[in-house]
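Both ligands and their constituent atoms are indexed starting at 1 by order of listing.
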Amino acid sequence: MRVLSGIQPSGKIHLGNYFGAMKHHITLQDNNSAFYFIADYHALTTVQDAKQLRENILDVAMDYLAFGLDPERSVFFKQSDIPQVMELAWVLSTLAPMGLLERCHSYKDKMAKGIAPNHGVFAYPVLMAADILIYQSQLVPVGKDQKQHIEVTRDLALKFNQTFGEVLTVPDEYIMEQYAVIPGIDGQKMSKSYNNTIEIFADEKAIKKKVMSVVTDCTPVADPKDPDACNLFALYSLFAAPEEKAEMAQRYRAGGMGYKVVKDALYDKIMEHFGPYRERRVQYEKDVDLVKDILFEGAVKAQVVAQETIDKVREAVGVKI
Ligand code: TYM
């Protein structure tokens, strides 16, 4: 099956990205034809500093490789290296109703916050649809925050096919319910833009500081506590084995345990879980040229598929004479 997903190089990778998406991307490499890319042109809607964007792109690339993305099995590349995506985005934008895009969270949230969005933010879902449709993707593994964008993609693919003939594959979303929305340290969705993330490859001190600042209620140490209403417990549960989770829940309910105990346990789990990835990442940091080569080789492979689709699209819409 053709699996595809992307991540914006708009900041440091956090637990939400990993559990909501990247972890599943690694698993889905087995038995699928997986395409994963760095959505650098999407990030340009917010990161408008060349040095920063370059750094972010390489950072995300090294993160992915450290997690186990295997360039022998998956096609791994940068969005901007596939110009066919931009061409398809234009074709799709001629089919995208303004009202549909006006209803998209990516744009609506910025408007609600009084931020004047640029056209890139407004057109963001169309570019995302092109990312997906150009590779005839069947399954798109993402966190829940991207659900609406996949729906727009499906709408545009159907509309294209109805208007011009069956050319594009209509994809399905793949959202792991258990990890659909990973909470941040303040209990809202973990997000770079809310400044509530726990970054996976930050130094140990910074991670500790973030974990210690996870917001909890003020129930006194001696009193029983409700694990199901606790954001800290939700984060701990990401790492704990079922019996560890059950034991911790029992300690919550029994009372006599302060939140510091859970924070320490969460910190240990994070360091233990990501320890091997942190080590592997250091190897890539020492060989940035290798990382660039991997992305280049991935782009060559991705372009072959993208070109096949764009040829069909040109023919179908009538620009090929
Ligand atoms: P981005 O870069 O915001 O996030 C990358 C992936 O991480 C998931 N994610 C989360 N999942 C659960 N809980 C959270 N708190 C959380 N925070 C982030 C996201 O759902 C996503 O899967 N528009 C995309 C990038 C993109 C893309 C694509 C994805 C561009 N084109 C085509 C798939 C297919 C984005 O901004 O992801």
Side-chain angles (χ1 to χ4, degrees), residues 2-26 28 34-47 53 56-57 59-61 63-64 67 69 75 77-80 82 85-86 88-89 92 104-107 109-110 120-121 123-154 156-157 169 171-200 231 234-235 238 302 306:
R2 170 63 41 78
V3 171
L4 169 125
S5 202
I7 181 154
Q8 285 195 76
S10 52
K12 305 278 185 208
I13 293 304
H14 54 73
L15 294 183
N17 298 132
Y18 177 72
F19 284 103
M22 296 169 96
K23 180 176 189 259
H24 315 297
H25 300 169
I26 304 302
L28 286 162
F35 278 47
Y36 300 123
F37 70 94
I38 301 174
D40 47 2
Y41 271 143
H42 272 121
L44 192 59
T45 60
T46 53
V47 183
L53 188 56
N56 290 1
I57 292 169
D59 268 341
V60 175
D63 296 345
Y64 245 137
F67 288 145
L69 189 150
V75 178
F77 57 99
K78 262 184 321 126
Q79 180 187 41
S80 60
I82 319 296
V85 170
M86 296 299 141
L88 181 58
L92 295 174
C104 283
H105 301 307
S106 41
Y107 167 72
D109 291 355
K110 289 230 163 40
V121 169
Y124 186 110
V126 179
L127 180 55
M128 182 155 162
D131 288 328
I132 296 170
L133 300 174
I134 196 95
Y135 308 109
Q136 307 284 354
S137 312
Q138 292 161 290
L139 201 64
V140 187
V142 285
K144 199 167 182 177
D145 58 317
Q146 298 299 316
K147 189 178 166 69
Q148 190 185 37
H149 290 152
I150 313 290
E151 282 159 8
V152 169
T153 302
R154 289 173 55 85
L156 292 178
T169 303
D172 285 319
E173 66 193 21
Y174 178 81
I175 297 172
M176 295 287 282
E177 273 316 312
Q178 187 192 353
Y179 300 115
V181 184
I182 306 300
I185 59 172
D186 57 358
Q188 292 186 79
K189 181 192 94 162
M190 187 175 285
S191 167
K192 294 159 205 166
S193 44
Y194 298 158
N195 200 18
N196 64 356
T197 65
I198 299 181
E199 292 168 10
I200 295 171
N231 172 40
L235 289 170
L238 294 171

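Counting only heavy atoms of the protein, atom 2 (O) of ligand 1 lies nearest to Gln8 N, 2.9 Å. Remark: minimum distance from atom 37 (O) of ligand 1 to any protein heavy atom is reached at Gln146 NE2, 3.8 Å. Annotation: atom 31 (N) of ligand 1 to nearest protein heavy atom, Asp131 OD2, 2.8 Å. Atom 4 (O) of ligand 1 has its closest protein heavy atom at Asn17 ND2, 3.4 Å. In terms of protein heavy atoms, atom 33 (C) of ligand 1 is closest to Gly6 N, 3.5 Å. In this structure, the protein non-hydrogen atom closest to atom 23 (N) of ligand 1 is Tyr124 OH, 2.7 Å. The single protein non-hydrogen atom nearest to atom 9 (N) of ligand 1 is Gly16 O, 3.7 Å, given as residue, atom name and distance.
At least one donor-acceptor pair closer than 3.5 Å links the side chain of His24 to the backbone N or O of Phe19. In terms of modelled atom types and a separation under 3.5 Å, the side chain of Asn196 and the main chain of Asp186 share no donor-acceptor contact. For Ser137 (side chain) and Ile132 (main-chain N/O), a donor-acceptor pair under 3.5 Å exists by modelled atom type. Under a 3.5 Å cut-off, the side chain of Gln138 and the backbone N or O of Arg2 do form a donor-acceptor pair. Looking only at distances, no side-chain donor or acceptor of Gln188 sits under 3.5 Å from a matching main-chain atom of Tyr194.
Ring centroid separation for the pair Phe67 and His25 does not come in under the 6.0 Å cut-off. Under the 6.0 Å cut-off for aromatic ring centres, Tyr135 and Phe37 do not qualify, their centroids lying 6.0 Å or more apart.
Using a 4.0 Å cutoff on heavy atoms, Lys192 counts as a contact of ligand 1. Distances shorter than 4.0 angstrom occur between a heavy atom of Ala180 and an atom of ligand 1. Taking 4.0 Å as the cut-off, Phe19 does not count as a neighbour of ligand 1 on heavy-atom distance. Residue contact check for ligand 1: Ser5 places a non-hydrogen atom closer than 4.0 Å to it.
At least one side-chain heavy atom of Val142 sits under 4.5 Å from a side-chain heavy atom of Ile175. Looking at heavy atoms from C-beta onward, Asp63 lies out of side-chain contact with Ile200 at the 4.5 angstrom threshold.
Close approach to Ala39 involves these atoms of ligand 1, each under 4.0 Å from a residue heavy atom: 30 (C). Contact atoms of ligand 1 toward Gly143: 11 (N), 19 (C), 20 (O), 22 (O) (distance under 4.0 Å to a heavy atom of the residue). Distances below 4.0 Å separate heavy atoms of His42 from the following atoms of ligand 1: 30 (C), 31 (N). Counting atoms of ligand 1 from 1 in the listed order, those under 4.0 Å from a heavy atom of Ala21 are 6 (C), 7 (O), 22 (O). Interface atoms of ligand 1 facing Val140, defined by a heavy-atom separation under 4.0 Å, are 33 (C), 34 (C). Listed by number with element, the atoms of ligand 1 under 4.0 angstrom from any heavy atom of Gly20 are 11 (N), 12 (C). Counting the atoms of ligand 1 from 1 in the order shown, those under 4.0 Å from a heavy atom of Lys189 are 15 (N). Every atom of ligand 1 is numbered from 1 in the order shown, and the set under 4.0 Å from a heavy atom of His14 is 17 (N).
Residues Ser80 and Asp40 share a closest heavy-atom pair of OG-OD2, 2.6 Å. The heavy-atom pair separating His14 from Ser191 by the smallest distance is NE2-CA, 4.2 Å. The heavy-atom pair separating Asn17 from Lys12 by the smallest distance is OD1-O, 4.3 Å.
Residue Ile132 holds the heavy atom nearest to atom 32 (C) of ligand 1 of all those in Ile132, Ile7, Ile150. One option in Asn196, Val142, Asp145 has a heavy atom closer to atom 19 (C) of ligand 1 than any other, and that option is Asp145.
Distance check: Phe35 CZ to Ile134 CD1 gives 11.0 Å after rounding to the nearest 0.5 Å. Between the CG atom in Leu88 and the CD1 atom in Ile82 there is a gap of 13.0 Å [rounded to 0.5 Å].
At a heavy-atom distance under 4.0 Å, no atom of Tyr174 approaches ligand 1.
At least one N/O-N/O distance between Ile182 and ligand 1 falls below 3.5 Å. For His149, no nitrogen or oxygen atom sits less than 3.5 Å from a nitrogen or oxygen atom of ligand 1, counting backbone and side chain alike.
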